[in-house]
Amino acid sequence: GPNDGVTRLTLWAMGNEGAATPALLEEFHRLNPDVRVSVQALPWTAAHEKLLTAYAGDSLPDVSQVGNTWIAEMTAIGAATPVPADADDIVAGGFESVMETNRVGGRMMGAPWYVDTRLVFYRTDLLARAGYDAVPQDWAGWKRAMHAVKRTAGDGNYAILMPVNEFEQLLTFGLQTGEPLLRDNDSRGNFSSPAFVSALAFYKSLFDEGLAPTMSATQISNVWDEFSRGFFSFYFSGPWSVGDFRRRLSDAMQANWATVGVPGPDGPGASAPGGSSLIVFDSSPRKDAAWRLVRYLSQVDTQARFNALTGNLPAKVEAWAAAGIRSDDKLAPFEGQLERAVPVPKAPEWERVVTEMQVVAERMVRGEYTPETAGAEIDRRADRLLEKRRWMLDQGRAA
Amino acid sequence: MSAARTERAAWGFVSPALAAVGLFLVIPVFGALLLSLTDFDIYALADIRNMRFVGLDNYVNLLGNPLFWTAMRNTAWFAVLGVPATIVASLLAAVLLNSKMVKWRPIWRVAFFAPYVTTLVATAVVWRYLLHTRYGVINWVLDGFGIPPVDWLGQPETAIPAILIFAVWKLFGYSMLIFLAVLQTVPEELYEAARIDGAGPVKQFRHVTLPAIAPTVLLVSIISVATFFQLFAEPYVMTQGGPAQSTVTVLYFMYEEGFKWWNLGSASAVAFILFLCIFAITLVQLWVSRRLGSET
Amino acid sequence: MANVTLEGVRKNFGATEVIRGVDLTIEDGEFVVFVGPSGCGKSTLLRLIAGLEDLTGGDVLIGDRNVSGEAPADRGIAMVFQSYALYPHMTVRQNMGFGLKLAKTDKAEVDRRVNAAAEVLTITDLLDRKPKQLSGGQRQRVAIGRAIVREPQVFLFDEPLSNLDAALRVRMRYEFARLHGELKTTMIYVTHDQVEAMTLADRIVVLSAGRIEQVGAPMDLYEHPDNLFVAGFIGSPRMNFLTAEVVEASAGGAMVRTAAGEALTVAVDAARAKPGDPVTLGVRPEHLTLTGGDNALTARADFVETLGHATYAYLAHDAAADGITCQLPGDVRPKAGEALTVHVPRAQAHLFDADGQAFQRLA
Amino acid sequence: MANVTLEGVRKNFGATEVIRGVDLTIEDGEFVVFVGPSGCGKSTLLRLIAGLEDLTGGDVLIGDRNVSGEAPADRGIAMVFQSYALYPHMTVRQNMGFGLKLAKTDKAEVDRRVNAAAEVLTITDLLDRKPKQLSGGQRQRVAIGRAIVREPQVFLFDEPLSNLDAALRVRMRYEFARLHGELKTTMIYVTHDQVEAMTLADRIVVLSAGRIEQVGAPMDLYEHPDNLFVAGFIGSPRMNFLTAEVVEASAGGAMVRTAAGEALTVAVDAARAKPGDPVTLGVRPEHLTLTGGDNALTARADFVETLGHATYAYLAHDAAADGITCQLPGDVRPKAGEALTVHVPRAQAHLFDADGQAFQRLA
Amino acid sequence: MKHALPKVLLNIAVALIGLIVLFPLAWMVSVSFMSAGEAATFPPPLLPAQPTLEHYRDLFANQGMGRYLWNSVALAGLATGLCLLVTVPAGYAFAKLSFTGRDRLFQMLVGAWVIPAQIGTLPLFLMLKQVGLVNTYAGALVPWLTSIFGLFLVRQYALSIPDEMLEAARVDGASERQIFTRVVLPTLQPILVTLALFVFVGSWNDFLWPLIILTDQSNYTLPVALATLSREHVQDIEMMMAGSVITVLPVLILFLALQRYYIRGMLAGSVKG
Ligand SMILES: Nc1ncnc2c1ncn2[C@@H]1O[C@H](COP(=O)(O)OP(=O)(O)OP(=O)(O)O)[C@@H](O)[C@H]1O
Ligand SMILES: Nc1ncnc2c1ncn2[C@@H]1O[C@H](COP(=O)(O)OP(=O)(O)OP(=O)(O)O)[C@@H](O)[C@H]1O
Ligand SMILES: [Mg+2]
Ligand SMILES: [Mg+2]
């Protein structure tokens, strides 16, 4: 019954985490018999809108996993609460670029749970067949390698898979240029800067030159099968795919793939610090218990177990050793990539801006825009989206 | 006194329904009109002071928003291609099923109609796999005819036709029923008179069947236009608006604007434009049916 | 114009026999009416002649040509349907000319024929209207017009007046008589309305359950029905029937005793009957009188209806299961409950044997 | 049982006056029939008596009690509707007992009354059926039974037989007469069927456009219609009317000249007429004969219908816009086109003045 | 005999259409019994090599399908009940009882009918948020209270009730409420079945509104859950087919059992789809 002295918490978790968290919580329940957590799983593709809908409908959970790019938005609408001053230990010891994404107005709004960033998965055997024993670390070299792969891959196969409805690839290329993506206190787009246009041009050229199929993720029935069939040899993804590939690829195939940092314009490149944080919602009447849960989930040993369950990379550097990640040749490259990570702008509208960016980029790939006109178009769309933010800044209502 | 008594009872009977309609339909519609004149968004949801009255700005912005026009154009394509396809399919089915020579007609009638009652989301999921580029049954059949596989849902050029194949499959049974009902009102004697006049099957169709159902073709096309204007779940489930937003419909656009990005003001403006479109269609429909009514 | 001959015509729908062997010759120019109870096969027989149904057995000859295998359009017939079956989207002119157009008749000729038919039917000023804009009677005329322009050898009509109101029906009945007088084409007409049959027909064909019961001129059927069925079917109110037994019988007449014990004589040739045979005595309500003394029945009036122009008395009688109806002059007004003595005119009574076959009346 | 009095009853639907002031007294136990053309207000008047419509003016008294403001259920009436209006989901027993049940009548008493009514109507073995399982006549009986169990003071019937076929109608007509004989309750009966009116009524009320035209016993109306309307309305076939002009007039009779020039004498009290007055001569088809020489019209037969029991001749005549109909004996069979001399019996002719009011007949 | 050839051709044509129409549904059922990954091969297999119930088990055991099924049943059932409760008396009154302003009100309802329901969704959401009905059954049920279509359907049918029957009841001494419950309702029974079926199927299949108003996964209806699942499990064809079967089957069975009623309603409502 509801009056049995037990605090009931709801935790929203996305994708894999939704499935894995209940196991992680058994220990928590043992340690905290007065708290009971129920986990609800959301699909990633619907998570953002679900969070906003729940916020609009006053039906947010107590705690939720959120993509760490969304924290600024959750803060702006007043949904998130800052990590309590006396609970700094929860967030201590993380990667700096990731910590930065959780910081809004100088306060930590979320506790990094796991980190990820994207790097390149590739078929060592196919690369070798094409005459390469390592992935070149600059764009030009990388593209040459892709051409070589494409030539040897056989009809109907490609070098790289970059689903045209995913923005992460282009975003990564954009971040690698070093030029900020928004300007004027994040109130205007900066996508027509020559740097970003060059990223657009590189992105587009991979499709134009037949290296990447013009496909969206919904059309790939499953990635690992296609990967092992050689439909593509390079794949842009995060740590979760390591687990997937290990589980789903055949034993024979295990020796034939590896991961490597993303090549940059001229040398190893940056990528966006991804991953999820845990936030406690301001609407929750059970914040104490909620922070207890967050603290538990942030502990080094919990994170290590979490890694074992999901393959997710711990947010705390200390946990990397505990989980033995550094000795894992597939995961080790992530550490370097994370250290090179560059945070994305913290405007609450960012999610939408980046979605528009991808919409335009997809059309560019399909031939509607050149890189230059695409950059201008993204700016135009971004500026419209940021109009309200400019007004709010004028009114002093936004940071 | 008897009049007073029925009057009182009648109000008791109608007031719950009227209250519900007023509260949950009429007020929200006026609310939508008001909302469309504001920039109500997620910030306003947090703090109502963050809302501004912007007059017709939402409408003006929409007119300048390429995605809106994309949505309008896509929707128009859905209607322009879907309506004739639905009519041809349903008319063909109805004429076949109206023939006394066909066996098990009641069973076929129910079978053809069955897709209409199935859950759209579920059948959309099914069709997504039927339309799959590599493993889909449809490409397999095409393969049998030596046609190379088509990337149905992956290319902007084929995504609308692909969704339409599904939509027609789902919807044609309904129009078929209407046609069947009308065909059954064509008196048998008219066909016999035509036979005595020397008309063969083709002439009978041309001179007896077709004139009889002509008004219904119009009616069905109007109904179908309205239906195609309200496509939402099909793209939501099958393509999420892609590829390259080629399947974003007006309603899908409204949904994203409103419930994904929480720009309720702008979404309300979309809703109103959608309303005006459907309203115009319905006016035409009423006008047509009145015209037809007055002729009989 | 042509004669029509049916030879052993039979028709089954699935397992049910609907027409069970009909032989009939209709003379050139004759107006023949099919009557019979609902479902007896009148329409089916007509449609077999038209070619709208396939024969199960037998042959149909029109103008001495066997048309059994031919399409309706080739038989030289024209049909007018109960519901008129006008093409709703065509004008009257188009409706009437449609068959000719399909036959690729010359346009001037089509116009000529349509105009001529319209004149005959006085619908010339309706030619450009659509059927919807016409009254019931006008539609009926158009339907006939459509038949006329085909210049058929035989007209077929299936209850053409049954959709009209009573007043219009009387007028259109008159039109049919006039039309037949004018065109002199063979006409076959199906109806269930006695008055239509009696007033229009040269000969009436009475059908029952897919067989012909009797064929004859209207007054012949009224005065000399061959059997109980025809006797009961023709005439309104219905003929009264009394169960009786033969007392004496000869070629010059018969004496019978009703089940109630009354002895009555009937002027029929009863040579084939013998005393003791069960028979049915028939007498029409309009032939019964309260005057005339002998050859009478006595019965109690159950119920009397005074209508002014006539008085109907309904009598209970032991020999008549359905009672006896008397049609009396309007100024004769017996009271309900009164016992009446009803005179049965010898010369106007009918007598039927146990099989329902009539004895030949002498009158 | 009670008398019914209408005092200045008026009813408007919106702006249209439907009942324009009706005063009428119906005696206790009387059988009164309302007739009149469609839309004249018969049903409305009946429903005003039942309390199903609110009065616009005037009063309704039942058993000397003013019931104008009372609910239908409290007026002591029972009504039988044209469509029977049986509750389709209830059995016959439930249908009949419904009103009593609503009035919380004791269950045993309900049963007793239902059984008694069922017995009167011989529907005892139908009590457990649903209306769908009944024939038209049986349904009609149930509807009457439902009225009987209420033990009303007045029965109201609105065209109770119009949904039945002709044969059944005759039988049910008889049932009504019997029922009235048995129950002796006041009955008010609306019909548009003349035969029903003539055979059932103690008195007929002829309505036209919301007003009473004449009230009287059936034969009174037939023989002495007050005006042209009643004369034309009562009797079938309709009375023939000829336009004429008075030549001589006195209390002992009148001589008129028809528009065609024939001089005819009529046995009416024409004291208030003077020569030259325009009048209408009326004579019923059944009173015209081909024998009888003088006081005759000559006319050409347009069309003759021989039906066996009677022959109808339709004559064209200059004084009769609608032609003249003659009902002749079945064995008289003139030919169409023949010129006939038709005798108008002086004593059975009617004469109406320019306002349509009848001159009193002497016979 | 002489119609043999066209007859055969016609029947073949109809059977062909039947095949096309029914194939997707049959395929859905067949694939739902295949083992994981079996359907993702070319050429696509039509029948499972080794029928298995694993996906159904998985859906109920791990994916919460039981909960969604219950939500769907409960919501569709409640929607049906409420809709009947509100629309039936009103439909009857508009058909058979005269009251001031009836015709004008009815015209206004006809006018309101023209409005696509989607327009009001945004403000309605905000209104329900104000009263705390977002993410509740009650919120999900609201649109079914405003079924003008149901009202019209009932009215249309009620028009055919003879006035005389109501008057007979009045003469019998029934109050207006008694007339409605004891005379009218039993008479309306066929249309009540039609309407109930309609609302049930409509609310079962409804997608947009539950998607918006039911934010909590534990409140999802089958279509919403299926749409969500299908985004997560694109690759698990067989499991998605099992989910589709669970979603479609109940309405399909209901429809097949009562198709006569459904089709009648469909034709009555053909003025607006
Ligand atoms: N197409 C058909 N299939 C099966 N039975 C039929 C068909 N057409 C007619 N019948 C049956 O044949 C019998 C005769 O029908 P027909 O229409 O000829 O009767 P009818 O004498 O014209 O009757 P009515 O006076 O009612 O028009 C009926 O029992 C009818 O049910
Ligand atoms: N509820 C009503 N509202 C308006 N007018 C009505 C109403 N009921 C009847 N009327 C009108 O009142 C007039 C009399 O109708 P009523 O039904 O009494 O005629 P009636 O003599 O019974 O005719 P019928 O023989 O056709 O039954 C008609 O003109 C009719 O149109
Ligand atoms: Mg027939
Ligand atoms: Mg009436």
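We name chains A, B, ... by the order of the sequence lines, and we start the count at 1 in each one.
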Exercise for the section: Would you confirm whether B:T216, through its side chain, and B:F179, through its main-chain N or O, come within 3.5 Å as a donor-acceptor pair? Expected result: no
Exercise for the section: Name the region of E:L151, side chain, backbone, both or neither, that has any atom closer than 4.5 Å to a heavy atom of chain B. Expected result: side chain
Fill in the blank from the handout: Counting heavy-atom pairs under 4.5 angstrom with chain B, the leader among E:G18, E:A39, E:A13, E:P24 is E:P24
Problem - Part of E:L109 within contact of chain B (heavy atom distance under 4.5 Å) - result: side chain
Problem - Structural part of E:Q118 lying under 4.5 Å from a heavy atom of chain B - result: both
Problem - Atom group of E:V201 that falls short of 4.5 Å from chain B, counting heavy atoms - result: side chain
Problem - Any donor-acceptor N/O pair, E:Q107 side chain to E:R104 backbone, under 3.5 Å - result: no
Practice task
Considering only heavy atoms and a distance below 4.5 Å, find which of B:Y236, B:F232, B:F279 pairs most often with chain E.
Solution key: B:Y236
Exercise for the section: Please state whether the side chain, the backbone, both or neither of E:L256 comes within less than 4.5 Å of a heavy atom of chain B. Expected result: side chain
Problem - B:A10 versus chain E, the contacting section by heavy-atom distance below 4.5 Å - result: both
Exercise for the section: Can you tell which part of B:W140 gets under 4.5 Å to a heavy atom of chain E, answering side chain, backbone, both or neither? Expected result: both
Problem - Interface moiety of B:S99 toward chain E, non-hydrogen atoms closer than 4.5 Å - result: side chain
Exercise for the section: Please determine, among B:L264, B:L35, B:L177, B:L25, the option with the most heavy-atom pairs under 4.5 Å with chain E. Expected result: B:L177
Fill in the blank from the handout: Shortest non-hydrogen pair, E:P210 vs E:V224, comes out as CB-CG2, 3.8 Å
Practice task
Please state whether the side chain, the backbone, both or neither of B:R109 comes within less than 4.5 Å of a heavy atom of chain E.
Solution key: side chain
Exercise for the section: Indicate yes or no: does B:E234 engage B:K170 in a salt bridge with an N to O separation below 4.0 Å. Expected result: no
Exercise for the section: Verify the distance criterion only: is there a donor paired with an acceptor across the side chains of B:N58 and B:S266 at less than 3.5 Å? Expected result: no
Problem - Selection from E:F94, E:F99, E:Y262, E:F23 maximising heavy-atom pairs under 4.5 Å formed with chain B - result: E:F99
Problem - Choice from E:I263, E:T87, E:L252 maximising heavy atom contacts with chain B below 4.5 Å - result: E:I263
Fill in the blank from the handout: Under 4.5 Å to a heavy atom of chain B? For E:T247 that would be both
Practice task
Select one option (side chain, backbone, both, neither) describing which atoms of E:S147 are under 4.5 Å from chain B's heavy atoms.
Solution key: neither
Handout entry: Which portion of B:W11 sits near chain E, non-hydrogen atoms under 4.5 angstrom
Key = side chain
Handout entry: Part of E:L85 within contact of chain B (heavy atom distance under 4.5 Å)
Key = neither
Practice task
Heavy-atom pairs under 4.5 Å with chain B are the metric here; pick the option from E:I179, E:I148, E:L208, E:L10 that has the most.
Solution key: E:L208
Problem - Over all atoms of both residues, closest heavy-atom pair of B:A233 and B:L120 - result: CB-CD2, 3.6 Å
Exercise for the section: Answer with side chain, backbone, both or neither: which region of E:R260 has an atom nearer than 4.5 Å to a non-hydrogen atom of chain B? Expected result: neither
Practice task
Ignoring hydrogens and angles, tell me if any N or O in the side chain of E:N11 forms a donor-acceptor pair with the backbone of B:M101 under 3.5 Å.
Solution key: yes
Completion exercise
Residues E:P123 and B:P28: closest non-hydrogen pair is CG-O, 3.1 Å
Problem - Option in B:Y129, B:F275, B:F30, B:F113 with maximal non-hydrogen atom pairs under 4.5 Å from chain E - result: B:Y129
Practice task
Would you name the heavy atoms of B:S175 and B:S224 that are closest together and state the gap between them?
Solution key: OG-OG, 4.5 Å
Fill in the blank from the handout: Of the listed B:L251, B:L23, B:L34, B:V220, the one with the largest count of heavy-atom pairs under 4.5 Å with chain E is B:L251
Practice task
Measure E:I212 against the heavy atoms of chain B and call it side chain, backbone, both or neither at under 4.5 Å.
Solution key: side chain
Handout entry: Segment of E:K96 engaging chain B (4.5 angstrom heavy-atom cut-off)
Key = neither
Completion exercise
Most heavy-atom pairs under 4.5 Å with chain E, out of B:V102, B:L171, B:V237, belong to B:V102
Exercise for the section: Output the option from E:M108, E:M240, E:R102 having the highest count of non-hydrogen pairs under 4.5 Å with chain B. Expected result: E:M240
Fill in the blank from the handout: The interface call for B:L92 against chain E, heavy-atom contacts under 4.5 Å, is side chain
Handout entry: chain E contacts, top residue of B:V29, B:L96, B:V126 (heavy-atom pairs, under 4.5 Å)
Key = B:V126
Problem - Side chain E:S30, main chain E:L46, donor-acceptor under 3.5 Å - result: yes
Exercise for the section: Evaluate the criterion salt bridge (charged side-chain N to carboxylate O under 4.0 Å, His left out) for residue pair B:R8 and E:E176; output intermediate values, then yes/no. Expected result: CA-CA 9 Å; B:R8 223 171 325 127; E:E176 292 302 320; over 6 Å; no
Fill in the blank from the handout: Looking only at E:A93, E:P44, E:G120, E:A15, the option with the highest number of non-hydrogen pairs under 4.5 Å against chain B is E:P44
